[in-house]
Student: 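Below is the structure I would like to discuss, written out as structure tokens.
Values below: every heavy atom of this structure, side chains too, minus hydrogens, waters and symmetry copies.
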Amino acid sequence: MTGSGQDSGLQRLAGMADLLPLESKRWVAAEAIVRATMRQYGFGEIRCPIMEPTELFERGTGTATDIVQKEMYTFTDRGDRSVTLRPEGTPSVVRAFLEESLGAKRPSWKLFYIGPMFRAERPQQGRLRQFHQFGAELIGPAAPEADVELIALGDAMLRNLDVPVPRLVINSIGDKQARADHDAALRDYLTAPAAFARLCADCRRRTQTNPLRVFDCKNEQCQEVIAAAPMIDRFLTDEDRHHFDAVRAGLDRLRIGYEIDSRLVRGLDYYTRTTFEFKAAGLGAQDAVCGGGRYDGLVEVLGGPPTPAVGFAAGFERILAVSKLPVDEDRLDVFVCALGDAAFELTSQILAALRQLGLSADRDFLRRGLKAQMKEADRLRARSVLIIGDDEIAKRRFTLRRMDKAEQREIDAEPSQWTVDEFRK
RNA sequence: GUGGGUGUAGCUCAGCUGGUUAGAGCACCAGGUUGUGGCCCUGGUGGCCGAGGGUUCAAAUCCCUUCACCCACCCCA
């Protein structure tokens, strides 16, 4: 991980990671669970390019977001076009939805994706520059039941992935207008001389940059000030409230526990009404493991007809960091030990015959001594070892050693006489 | 982008206020068992001490720069 091995003068880029076989096994196992769960909930996989026109994110994710303002990997390609490594998946899905005219084919689509995302942030625990997400999008339905479906999917997914007791936090943030009005009201409240004077230095700055953050300040005085501040729900329409109530009722019916956090604002411009986040313990400051919400305006922003939608994205690295998923160790069925040139050459055919039987089989390629080959077989946790030397070739009988029982016997050298069980059982 | 911490063998780490051949455990290789693993014993390979520059008679040790990692802020998956 530190890259402190051989110094070839080449290092991987900051915030990017190599995954070695031991670790990649966990990933493949987790990905299989994600795909199986998605299928169970009726979502089909969509694979989009990891590079898109920069404009897609500027318009989709939103120019006001931190992501677009300071975190994108943006380049000029050979045709002088500005391209960007995707910082999130949703804009690509919506772009594809429009480009492939999906809305004209069916009124409702359930899509999921899984793959790398790129954000040029300062790396720290649970945050890489190339990281991996899976996400689900339900495009078409405006009903609160759709929101419930997505949250239920996220909940099931985290349980299937053995993430210990994730906490669900939900909120309703209304539409763009409501958020703007709330933001303005909050600024007015906080910058009024009496209130402003009691805020800490950080919070005074926050009144300019992100007034909502004052809610999270640990400073006691700031908490006193913010206690009476205007909350978002004051700016919601009746329809917004009904929608939120229906989402909550839906979650209650499914017995999915949640907390309402009226300060939960997500960092993307396009969210409307419902936002939610699953937080896991043990991740330090980056505890959001899955986050999403409704984005009724996004399709239109990207040039399509008004189309409601809900979705979420979940972080693979963070999930794996806390997941209790067991990974079963690989065991090799047969390791073939060859002694001498004749046996060494014969081994390829022996392997082919063993593999033909459906067994996993391997050998040594370094012409090492028997002891070294046995050690290798042990490292690979071989169930059995087939020993082939001059004696065996002459007798047309091979030695078969069962490693666990430390027993061995002779078997016919003719592969057509072999059965799977005598090697693996 | 800002702040703090760390960077010595493949891995985890010792190395006191600068001093001569840089150590341990594990891993790896070999021998003990001239054709047999896991345990044990013995030996061995392996490090321009992250990189570059500076101070000094002398630097892994002090200073600067840079790169990377870690943690936090910001924000998010």
Student: Parallel, tilted or perpendicular, judged at 30° and 60°: which one describes the rings of A:Trp418 and A:Phe398?
Tutor: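 Taking A:Phe398 first and then A:Trp418, their aromatic rings sit tilted (interplane angle of 30° to 60°).
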Student: Sorted by first residue and then second, give each side-chain hydrogen bond (donor to acceptor under 3.5 Å, both in side chains) pair with at least one member in residues 316-327 of chain A; sequence neighbours left out.
Tutor: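 Counting only pairs at least two positions apart or across chains, the side-chain hydrogen bond (donor to acceptor under 3.5 Å, both in side chains) contacts touching residues 316-327 of chain A are A:His132-A:Glu317.
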Student: Would you say the base of B:rA77 and the side-chain of A:Arg119 have a donor-acceptor pair closer than 3.5 Å?
Tutor: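 In this structure, the two groups form a donor-acceptor pair.
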Student: Might you confirm whether atom CG of A:Leu366 has over 12 heavy atoms from other residues, nucleotides or ligands at distances under 6.0 Å?
Tutor: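 More than 12 heavy atoms, drawn from other residues, nucleotides or ligands, come within 6.0 Å of this atom.
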Student: Students often get this wrong, so: under 4.0 angstrom with heavy atoms, is A:Gly126 touching a base, only sugar-phosphate, or nothing?
Tutor: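 The answer is base, as A:Gly126 lies within the cut-off (heavy atoms under 4.0 Å) of a base atom.
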Student: Using Watson-Crick or G-U wobble geometry with both distances below 3.5 Å, tell me the partner of B:rG31, or none.
Tutor: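 Pairing partner, where one exists within any strand: B:rC41.
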Student: Under a 3.5 Å cut-off for both distances, is B:rC62 Watson-Crick or wobble paired, and to whom?
Tutor: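 Because both required distances fall under 3.5 Å, B:rC62 counts as paired with B:rG54.
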Student: Just to be sure I understand the rule, does A:Glu392 reach a base, reach only the sugar-phosphate, or reach nothing, if contact means heavy atoms closer than 4.0 Å?
Tutor: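 A:Glu392: base contact, heavy atoms under 4.0 Å.
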Student: Tell me whether the side-chain N/O atoms of A:Arg379 come closer than 4.0 Å to OP1 or OP2 in B:rC28.
Tutor: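 Answer is yes, contact under 4.0 Å.
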Student: Classify the nucleic acid contact of A:Ala382 as base, sugar-phosphate or nothing, counting any heavy atom under 4.0 Å across all strands shown.
Tutor: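 A:Ala382: no heavy atom of the nucleic acid under 4.0 Å.
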Student: Under the 3.5 Å rule, do the base of B:rG38 and the side chain of A:Asp378 count as making a donor-acceptor pair?
Tutor: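 No.
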Student: Quick test: give all pairs of protein nitrogen or oxygen and nucleotides 73-75 of chain B nitrogen or oxygen below 3.5 Å, distance rounded to 0.1 Å.
Tutor:
from: B:rC73; atom 1: N4; to: A:Gln124; atom 2: OE1; distance (Å): 3.4
from: B:rC74; atom 1: OP1; to: A:Arg206; atom 2: NH2; distance (Å): 2.8
from: B:rC74; atom 1: N3; to: A:Arg127; atom 2: NH1; distance (Å): 3.4
from: B:rC74; atom 1: N4; to: A:Arg127; atom 2: NH1; distance (Å): 2.9
from: B:rC74; atom 1: N4; to: A:Arg127; atom 2: NH2; distance (Å): 2.6
from: B:rC75; atom 1: OP1; to: A:Asn210; atom 2: ND2; distance (Å): 2.7
from: B:rC75; atom 1: OP2; to: A:Arg213; atom 2: NE; distance (Å): 2.6
from: B:rC75; atom 1: O4'; to: A:Asp66; atom 2: OD2; distance (Å): 3.4
from: B:rC75; atom 1: O2; to: A:Arg127; atom 2: NH2; distance (Å): 2.4
from: B:rC75; atom 1: N3; to: A:Arg127; atom 2: NH2; distance (Å): 2.8
from: B:rC75; atom 1: N3; to: A:Gln286; atom 2: NE2; distance (Å): 3.3
from: B:rC75; atom 1: N4; to: A:Gln286; atom 2: NE2; distance (Å): 3.3

Student: Quick one: sort the A:Phe276 and A:Phe278 rings into parallel, tilted or perpendicular, breaks at 30° and 60°.
Tutor: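 The arrangement is perpendicular - the two ring planes meet at more than 60°.
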Student: For the side chain of A:Ala313, starting at C-beta, report the closest nucleotide among B:rA77, B:rG35, B:rA68.
Tutor: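 Per side-chain heavy atoms of A:Ala313, the pick is B:rA77.
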Student: State which of B:rG31, B:rA77, B:rG35 makes the closest approach to the side chain of A:Lys371.
Tutor: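 Nearest nucleotide to the side chain: B:rG31.
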Student: Does any nucleotide pair with B:rG7 by Watson-Crick or G-U wobble geometry, both distances under 3.5 Å, and what is it?
Tutor: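 Pairing partner, where one exists within any strand: B:rC67.
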Student: Does A:Leu370 reach the side chain of A:Met374, with side-chain heavy atoms less than 4.5 Å apart?
Tutor: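 Side chain of A:Leu370 against side chain of A:Met374, heavy atoms only: contact under 4.5 Å found.
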Student: If you pin A:Ala120 and A:Gly291 to their nearest nucleotides in RNA chain B, which one's is more 5'?
Tutor: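 On the 5' side of the pair lies A:Ala120.
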Student: May I have the step-by-step check of side-chain contact (heavy atoms from CB on, under 4.5 Å) for A:Asp181 and A:Arg234, ending in yes or no?
Tutor: CA-CA 10 Å; A:Asp181 290 348; A:Arg234 254 179 42 190; over 6 Å; no
Student: Output yes if the stacking criterion (under 5.5 Å between centres, under 30° between planes) is met for A:Phe131 over the base of B:rA77, else no.
Tutor: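 Yes, A:Phe131 stacks on the base of B:rA77.
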Student: Is A:Gln373 side chain donor-acceptor paired with the B:rU36 base, going by distance under 3.5 Å alone?
Tutor: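 No, no donor-acceptor pair under 3.5 Å.
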Student: What does A:Arg368 touch in the nucleic acid at a heavy-atom separation under 4.0 angstrom: a base, only the sugar-phosphate, or nothing?
Tutor: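 If one applies the 4.0 Å heavy-atom cut-off, A:Arg368 turns out to touch the sugar-phosphate alone, with no base involved.
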Student: With heavy-atom distances below 4.5 Å as the criterion, would you say the side chains of A:Pro87 and A:Glu121 are in contact?
Tutor: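 No - every pair of side-chain heavy atoms lies 4.5 Å or more apart.
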Student: Please state how far atom CG in A:Asp364 lies from atom P in B:rC29, giving the value in whole angstrom units.
Tutor: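 My rounded result for the distance is 11 Å.
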Student: Provide the Watson-Crick or G-U wobble partner of B:rU2, both distances under 3.5 Å; none if there is no partner.
Tutor: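 Paired with B:rA72.
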Student: On the 0 to 90° scale, with breaks at 30° and 60°, tag the A:Phe235-A:His182 ring pair as parallel, tilted or perpendicular.
Tutor: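 Plane angle between 30° and 60°, so tilted.
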Student: Tell me which residues in residues 318-344 of chain A put a heavy atom below 4.0 Å from RNA chain B, sorted by number, or none.
Tutor: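 Residues of residues 318-344 of chain A that come under 4.0 Å of RNA chain B are, in numerical order, A:Arg318, A:Leu339.
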Student: What's the verdict on salt bridge (Lys or Arg N to Asp or Glu O under 4.0 Å) for A:Asp155 and A:Arg159, showing C-alpha distance, side-chain angles and the deciding distance?
Tutor: CA-CA 6 Å; A:Asp155 179 72; A:Arg159 270 186 290 112; 2.7 Å; yes
Student: Quick check for you: among B:rG35, B:rA77, B:rC70, whose closest atom lies nearest to any side-chain atom of A:Pro123?
Tutor: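 Within the option list, the nearest is B:rC70.
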Student: Is a side-chain N or O of A:Arg363 found less than 3.5 angstrom from the main chain of A:Thr347, in a donor-acceptor match?
Tutor: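 Checking the backbone N and O of A:Thr347 against the side chain of A:Arg363, no donor-acceptor pair under 3.5 Å is found.
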Student: Using a heavy-atom cut-off of 4.0 Å across all strands, would you classify A:Glu317 as base, sugar-phosphate, or nothing?
Tutor: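 Nothing, no heavy atom under 4.0 Å.
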Student: Counting only Watson-Crick pairs (N1-N3 plus N6-O4 or O6-N4) and G-U wobbles (N1-O2, O6-N3), all under 3.5 Å, who is the partner of B:rA24?
Tutor: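 B:rA24 is paired, partner B:rU12.
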Student: Using Watson-Crick or G-U wobble geometry with both distances below 3.5 Å, tell me the partner of B:rG47, or none.
Tutor: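 In the structure as shown, B:rG47 has no Watson-Crick or wobble partner.
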Student: Contact class for A:Gly15 vs. all strands (heavy atom < 4.0 Å): base, sugar-phosphate, or nothing?
Tutor: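 It contacts sugar-phosphate atoms only.
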Student: Would you kindly compare A:Ala314 and A:Ala14 by the position of their nearest RNA chain B nucleotide and give the one closer to the 5′ end?
Tutor: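 Result: A:Ala14.
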Student: Does the pair A:Glu137 and A:Thr90 meet the rule for a side chain to side chain donor-acceptor pair (under 3.5 Å), with working shown?
Tutor: CA-CA 8 Å; A:Glu137 317 287 359; A:Thr90 303; 2.7 Å; yes
